[in-house]
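Only one structure is covered here, and it is reproduced in the block below.
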Number of protein chains: 2
Amino acid sequence: MQRPRTRAPGVATVADVAREAGVSRATVSRVINDSPLVTPQTKDLVQDAIRRTGFVVNARGRALAIGRAETVGVLITEPLDELFEDPTYARILRGVTEGLSGSGTLPVIFQASTEAERALALRSFDRKAVDAVIHLTPYRDPELLDALAGTGLPVVLCGQVENGAAPDPRFSSIYADDVAGARLAATHLAESGRDRIAAVLGPLDNPATTDRLQGFRDVLGPRLPSERVLFTGWDTSAGIRATQTLLELFPEVDAILAGSDRIAVGAIAVLNAQGRAVPSDVAIIGFDDHPIAASAVPALTTIAQPLQRQGELAAHTALQMIAGQSPTVSELDMRLVVRASG
Amino acid sequence: MQRPRTRAPGVATVADVAREAGVSRATVSRVINDSPLVTPQTKDLVQDAIRRTGFVVNARGRALAIGRAETVGVLITEPLDELFEDPTYARILRGVTEGLSGSGTLPVIFQASTEAERALALRSFDRKAVDAVIHLTPYRDPELLDALAGTGLPVVLCGQVENGAAPDPRFSSIYADDVAGARLAATHLAESGRDRIAAVLGPLDNPATTDRLQGFRDVLGPRLPSERVLFTGWDTSAGIRATQTLLELFPEVDAILAGSDRIAVGAIAVLNAQGRAVPSDVAIIGFDDHPIAASAVPALTTIAQPLQRQGELAAHTALQMIAGQSPTVSELDMRLVVRASG
DNA sequence: CTGTTAGCGCATTCAA
DNA sequence: TTGAATGCGCTAACAG
């Protein structure tokens, strides 16, 4: 039954190598995992045999034997379109890859935008097809989090934490403090003497939005009344629409705190179209340090998240949890990047 | 050694379930894989025991036993920037997921933009961590293709084939015929009576570019002389620059065949800026049916690739190859989508 | 229809 | 330092 059809020629196993080298399978295994308990000459012997037979360790056999798949699942539940438009995930992913490199553990991406995909990914996790999960988009979704906790796998939440909420003790989390970042932006604007400040934020139901708003308010208090706070989508066209509305409601505005760099770019476009100069008439601060921030005209002052660093930390944390460590919480600092726009 | 620390309580195995239900492990296995050879009552018995013990099949043990990981690797080597700006991959991926759904096999994404990532992914494949590979970006890279062939896994190339080149017999391939698509575009333009036609294509070193150019020439022949064919990048700003150049070289132009929808959008912007109306003064046809094609003003006439269908077919092909079928080649039709621009 | 038995490919304990 | 023996968790051929 094992091997229903004839074995493909050339898929050598440790047994084949052992025979070829005239040693035991245990010795071959030791060489593979370069154990110090092997004589240089037997080691050479085995390595020669490995070369001759074209042997490659079989991941499935190894996984069963060592009790690990040497794989971490990177879960992305974000809708595809957003994912493929927003370099945020690309950068975090790069960090994860770096952080895992050298560990012998491979990051493997689980795209789970739909309910069905989510179910499949969870099934894999339940079955222990990976050793840990790094969740890149842990937006409020208690059911998913419960399901993840239910897998019994180490889980690292990366990049989001609702401010105020105590971190979930079931998971590790890595996040940058949106509230503190927003404070940086608001402080910068306030110190520059602007006082007719408005905010154009992302979707109200997104924790990043509420956190950023709170940061703005921490600094500005009554100088940022509710009627000057607009909520819209994350992208440029949403920024355009919202800014048009804003200028009707509050034409005296001399500074705009944007919820994202793309929103900020939309705001600049509208202001320019209406003959208002940025930053002399209206200062603008973005958020995220998206690539367009540097190339925008004028270049955007913005708040940078250490995305790649987040990914690296998430990877390290996952590895430590696989090794038995308890969940930890890491908070990273946001950074104000001053450019021309405000 | 197996189980170095105490076993986490609650990770039940078939043996536990068997004991709990008072049957053999084989019977438990039969229930899990719902074999018809089990009495309804024993089945209930076992399912109860499964519920009580919280048993979940372990993917590693199962993979070793059945000789498959029940996983296909989706390889993406595209540089991140392009990848995250182009919804193409998102759509193909959606198709792959659909095509695999119900098969019990899960798509798992291997992001391999860098050389190091590529090496890691290949190592996984060599080790048979997946049952097949769907390569979404098989641009000319003979070394990578050789490496993939070397894994001995079934491989499906999706979405690219150099025209003229015989399909590589080592792999299955799924592709849409760029040449035929380009012919559709050129024919549509020629039939509308335009005759001062120019083309603004993507990078010359990209097979899609040369294929599309060939399709244009198949139809237009000498009516599309080389001096009216420009090559640039894939995106809007590249389209803007190239169109400006084009208008200097060939101001009489009355129709533009664009190598991508983003290029076409750039062209429209330049033409509008110069006071030329689209399509009355200059007709434009894009390529790809990118989301911006429908929302552009005027909406773009373009050539649609059946991306999702490509993904589905790739998935089906991969499953068939896993089942032992030889490589196949599938060509899908492009479709002319007529909108306002030409 | 069910249980017994064996083995997938590897890592590791124990004894030599 | 090496080999023999054992088991990871599961499936499947075989016998009953």
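So you know, we letter chains A, B, ... as the sequences are listed, proteins then strands, and number each from 1.
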Interatomic distance where [atom1] belongs to [X] and [atom2] belongs to [N] [whole Å]:
X	N	atom1	atom2	value
Asp126(A)	dG9(D)	CG	P	16 Å
Leu37(A)	dT12(C)	CG	P	11 Å
Asp16(A)	dG9(C)	CG	C1'	11 Å
Leu64(A)	dC8(C)	CG	P	13 Å
Phe55(B)	dG9(D)	CZ	P	10 Å
Asn58(A)	dG9(C)	CG	C1'	6 Å
Arg60(A)	dG7(C)	CZ	C1'	15 Å
Lys128(B)	dC10(C)	NZ	P	11 Å

**Request:** Indicate whether OP1 or OP2 belonging to dA4(D) is found under 4.0 Å from a side-chain N or O atom of Ser24(A).
**Result:**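 Checking dA4(D) against Ser24(A), no side-chain N or O comes under 4.0 Å of OP1 or OP2.
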
- If you look at every strand shown and take non-hydrogen atoms under 4.0 Å, does Val28(A) touch a base, only sugar-phosphate, or nothing?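 Contact class for Val28(A): none.
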
When we call it a touch if two heavy atoms are under 4.0 Å apart, what does Val38(A) touch: a base, just sugar-phosphate, or nothing?
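Sugar-phosphate only.
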
What nucleotide, of [options], holds the atom closest to the side chain of [X]?
X	options	result
Ser29(A)	dG3(D), dT12(C), dT2(D)	dT12(C)
Thr39(A)	dT1(D), dA11(C), dG3(C)	dT1(D)
Thr42(A)	dT11(D), dA11(C), dT2(D)	dT2(D)
Thr13(B)	dT11(D), dG9(C), dC10(D)	dC10(D)
Ala65(A)	dT1(D), dG3(C), dG9(C)	dG9(C)

Indicate yes or no: does Arg123(A) engage Asp126(A) in a salt bridge with an N to O separation below 4.0 Å.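 So Arg123(A) does not pair with Asp126(A) through a salt bridge.
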
Salt-bridge test for Glu117(A) and Arg94(B): reply yes if a basic N is under 4.0 Å from a carboxylate O, no otherwise.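 Salt bridge: yes.
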
Exercise. Determine the minimum heavy-atom distance between Val46(B) and Val28(B), stating which atoms define it.
Key: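 Scanning both residues, the minimum pair turns out to be CG1-CA, 4.1 Å.
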
- Minimum heavy-atom distance Ser172(A)-Pro327(A), with the two atoms named: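 Heavy-atom minimum between the residues: OG-CA, 3.2 Å.
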
>> Is it the case that dG3(C) (base atoms only) and Arg30(B) (side chain only) share a donor and an acceptor within less than 3.5 Å, ignoring hydrogens and angles?
In response: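 Answer yes: a donor N or O sits under 3.5 Å from an acceptor.
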
base_contact_polar (dT6(D) base, Arg25(A) side chain, donor-acceptor, <3.5 Å):
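Donor-acceptor pair under 3.5 Å: yes.
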
When you measure from the side chain of Thr13(A) to the backbone of Ala15(A), do you find a donor-acceptor pair of N or O atoms at a distance under 3.5 Å?
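Between the backbone of Ala15(A) and the side chain of Thr13(A) there is a qualifying donor-acceptor contact (under 3.5 Å).
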
